[in-house]
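Everything numeric in this text was worked out from a predicted model, so none of it was measured. As the structure lists them, so they are numbered: ligands from 1, and atoms in each ligand from 1.
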Amino acid sequence: MSSLVNLLIRHAHVVLPDSNLIFADVLIRDRLIAEVAPVISPPADTLVIDATGLTLLPGVIDPQVHFREPGLEYKEDLFTATCACAKGGVTSFLEMPNTRPLTTTQATLDDKLQRAAQKCLVNYGFFIGATKEVLPDLNTAHPVCGIKIFMGSMHGPLLVNETEVLERIFASGTRLIAVHAENQQRIDQRRQEFAHIHDPSIHSQIQDNQAALEATQLALSLSKKYQRRLHILHMSTAEEAELLRQDKPAWVTAEVTPQHLLLNTSAYAKIGTLAQMNPPLRSPHDNQVLWQALRDGIIDFIATDHAPHTLAEKSQEYPNTPSGMPGVETSLALMLTAAQQGHCTVPQVVNWMSTAVAQAYRIPNKGAIAPGYDADLVLVDLENYRPVLREEIVSKCGWSPFEGWNLTGWPVYTIVGGEIVYEKGKINTHVRGQALRFDAA
Ligand code: DOR
């Protein structure tokens, strides 16, 4: 059993909601941040963490993950995935509906919530998946963070690529619609054209920039027609970023993954099918334009699209290999390393990986270090560098596309609801997260 004690974090470099960084003490009482002040003397029965040399950030909220439970637990499950979250500084996640069974009804959502309550070391929320049949629970199932539509890169009932069906979904209800925007018709056609090629780098040409752009254009036009909240998942191309730069209604948001910022098609030569994901990796030019769009606020936040597959699955010959790569263990360190290299600032990383996510999904009480907020926090070390090592990966899949990368900003402590879930390499498997709340529009 986990025991809830009050915590005092002393001498931390704290990222405040106004983006200022100050040296401060932070007192945590009854799962909440009670006080932030230059000096706080420890009340009785309080565990003190000496955070000298460490930086305190709000815990990461990862708004797009695939944790595989139920049904695909041989790849990952809610326990192993959230151990990886704890290690990576991710204190909350939003999970996608492509599990078995699919999360398309209240009953399948309830099952996931029950499993999560038993197994998740961090806080959890789930999307409901739209289907071609437009099931009745799409707008009523509760609690959900939004509706997920796979416009492409999916088989079976979760593939919704007919404009009439998309139109019906956009026209009814008010909840946020998050789209995987790739044009399946174009992908199918190009897959036939390139069927004889087994070099995995062809993946980026089959599911090309145009396929992504066309689907994003369609989603954007439907969102404008119905003034419907739209979120564009894992935006990957310069063209989509430029489209949003020209025309981004106030109710539209977009995200990018660390891999679409930091990897490109040159990765296939180094890691082969481990670089295969949907939407695919793009060119160095796309990397640059996505970075700029993120810094300019055209792209609102970061998600990992954590999509683990086993090494055996990834060792098959393309195109029999599944698309996807893990991410929750490395995302924060990757982004903080990018900050140290001058791509952005640490407060920007905090905004993109926590504050802006809480705002977009209307998750109350999270995403900032301020009195009254939930004590979901991560203390990181921005002074030392350590490589990503396969033998240290906690995710059940047991690999990372970033193996060998020397990173800083690794979590030293991760705190969920005032409890230490990760401390200097050790995961406290007794901690449990809570179901996230989503405030109505
Ligand atoms: O590469 C991907 N894999 N992209 C997705 O959006 C889905 C994911 C998966 O579930 O494997």
Is Asn278 close to ligand 1, meaning an N/O of one under 3.5 Å from an N/O of the other?
yes
Under 4.0 Å, heavy-atom basis, I'd like to know which part of Asp305 is in contact with ligand 1: side chain, backbone, both or neither.
side chain
Contact partition for Arg68 relative to ligand 1, non-hydrogen atoms under 4.0 Å
side chain
Can you list the ligand 1 atoms lying under 4.0 Å from a non-hydrogen atom of Asn98?
9 (C), 10 (O)
To the nearest 0.5 Å, tell me how far Cys120 SG sits from Glu69 CD.
8.0 Å
For Met277, counting its heavy atoms only, list the atoms of ligand 1 lying under 4.0 Å from any of them.
1 (O)
Could you find the nearest protein heavy atom to atom 3 (N) of ligand 1 and give me its residue, atom name and distance?
Ser323 O, 2.9 Å
Salt-bridge present (Glu73, Arg115; N to O < 4.0 Å):
yes
State plainly whether the residues Lys87 and Glu392 are in salt-bridge range, i.e. N to O under 4.0 Å.
no
Could you tell me whether Lys426 and Glu423 make a salt bridge, using a distance below 4.0 angstrom between a side-chain N and a carboxylate O?
no
Criterion side chain to side chain contact (heavy atoms under 4.5 Å, CB included) against Leu243, the qualifying member of Met235, Gln217, Lys248
Gln217
How are the rings of Phe126 and Tyr124 set to each other: parallel, tilted or perpendicular (split at 30° and 60°)?
tilted
Do any nitrogen or oxygen atoms of His309 come within less than 3.5 Å of a nitrogen or oxygen of ligand 1?
yes
Which one of His260, Gln64, His234 satisfies the side chain to side chain donor-acceptor pair (under 3.5 Å) criterion with Glu255?
Gln64
Taking only non-hydrogen atoms of His234, do any sit less than 4.0 angstrom from ligand 1?
yes
Within reach of ligand 1, part of His66 (heavy-atom separation under 4.0 Å)
side chain
Just need the protein heavy atom nearest to atom 8 (C) of ligand 1, so name the residue and atom and give the distance.
Ala307 CB, 3.6 Å
Check Lys224 with Asp247, please: is the shortest side-chain N to carboxylate O separation under 4.0 Å?
yes
Is it the side chain (CB and beyond), the backbone, both or neither of His180 that lies under 4.0 Å from ligand 1, heavy atoms counted?
side chain
